[in-house]
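Quick notes on the structure that follows.
As the structure lists them, so they are numbered: ligands from 1, and atoms in each ligand from 1.
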Amino acid sequence: MTVEKRKALIIVYTGNGKGKTTAALGMLLRAWGRGMKVAMLSFMKNEDANFGEERAARRLGVEMVPMGKGFTWLSKDLSRDEAMARQAWAVSQSKIASGEYDIVILDEITYPINYGWLALEDVIEVLRHRPPNVHVVLTGRDAPQGLIDFADLVTEMREVKHPFQAGIKAQPGVDF
Ligand code: ATP
Ligand code: MG
């Protein structure tokens, strides 16, 4: 096993089961512990969500940017969501291209891709031409096949059981 050799990876967490964002956060923490520079850009998270991970990020001094407007099916203004997604993608592109980060997490980016707001080819082009030191983690349900083909590491979370099915609400610290 070559331990020291750095190879920047494209990592995808997808599937209907819980744990995609949590897995990305685990990697963020691991990298942070090594003194690596990490940024997490959330495509769907509302600016005033203030989830546990955002509170933690402030205390750790980690850049975590909620750039979405919440989930789109709650929105009455789709075009505004689309504009925000495109803006979020512009920010993501510049962070990736800067080469300043060891890991950039694009949380829930599969949704704007699947809605047709971001072109998959554009996303893959940016990933392909990124500086050679930057790992990129992409999360969200229904990762498109082209992204799966391009990635180095893909894990599909499969739902076996989720408390939501028993009518149990999201829990602080577990879900948000
Ligand atoms: P998490 O952020 O907990 O890792 P996730 O990123 O895999 O979850 P998302 O699709 O982003 O899942 O949804 C986030 C929210 O939806 C969380 O509150 C999570 O508990 C809940 N959730 C995730 N999977 C399911 C599921 N299969 N059924 C019901 N609720 C779910
Ligand atoms: Mg998620």
Do ligand 1 and Gly19 have nitrogen or oxygen atoms that lie under 3.5 Å from each other? yes

Option nearest atom 24 (N) of ligand 1 (shortest heavy-atom distance, choices Lys161, Glu108, Arg141): Arg141

Subset of ligand 1 atoms that lie under 4.0 Å from at least one heavy atom of Thr22: 1 (P), 3 (O), 4 (O)

Shared ILVMFWY cluster between Ile103 and Val154, side chains joined below 4.5 angstrom? no

As an exercise, identify every atom of ligand 1 less than 4.0 angstrom from a heavy atom of Phe164. 29 (C)

Can Met157 be said to touch ligand 1, with heavy atoms closer than 4.0 Å? no

Looking at non-hydrogen atoms alone, which of Gln171, Lys20, Glu53 comes nearest to atom 7 (O) of ligand 1? Lys20

Less than 4.5 Å apart, any side-chain heavy atom of Phe43 and any of Met84? no

Assess Thr139 for proximity to ligand 1: is some non-hydrogen atom of it under 4.0 Å away? no

Would a hydrophobic clustering, with Ile, Leu, Val, Met, Phe, Trp and Tyr connected at side-chain separations under 4.5 Å, put Ile96 with Leu147? yes

Looking at Ser42 and Met44, would you say the former's side chain and the latter's main chain have a donor-acceptor pair under 3.5 Å? no

State the atoms of ligand 1, each with its element, that fall below the 4.0 Å cut-off from a heavy-atom position in Lys18. 1 (P), 3 (O), 7 (O), 8 (O), 20 (O), 23 (C), 24 (N)

Please verify the inter-ring angle class for His162 with Phe164; under 30° counts as parallel, over 60° as perpendicular, anything in between as tilted. perpendicular

At a 4.0 Å threshold, what atoms of ligand 1 neighbour a non-hydrogen atom of Glu159? 26 (C), 27 (N), 28 (N)

Donor-acceptor contact below 3.5 Å, side chain Arg158 vs main chain Gly15: no

Below 4.0 Å from ligand 1: does a non-hydrogen atom of Tyr111 turn up there or not? yes

Under the rule for side-chain hydrogen bond (donor to acceptor under 3.5 Å, both in side chains), what residues qualify as partners of Glu63, not counting sequence neighbours? Lys95, Tyr101

Give yes or no for whether the N/O distance cutoff of 3.5 Å, strictly under, is met between Gln165 and ligand 1. no

Is any side-chain heavy atom of Met40 closer than 4.5 Å to a side-chain heavy atom of Val65? no

Between Lys20 (side chain) and Met157 (backbone), is there a donor-acceptor pair under 3.5 Å? no

Would a 4.5 Å heavy-atom cut-off, applied to side chains only, mark Met27 and Tyr13 as touching? yes

Verify, without hydrogens or angle tests, whether Thr110 (side chain) and Asp142 (backbone) share a donor-acceptor contact under 3.5 angstrom. no

Around the Mg ion (ligand 2), what protein N, O or S atoms are found below 2.8 Å? Thr21 OG1, Glu108 OE2

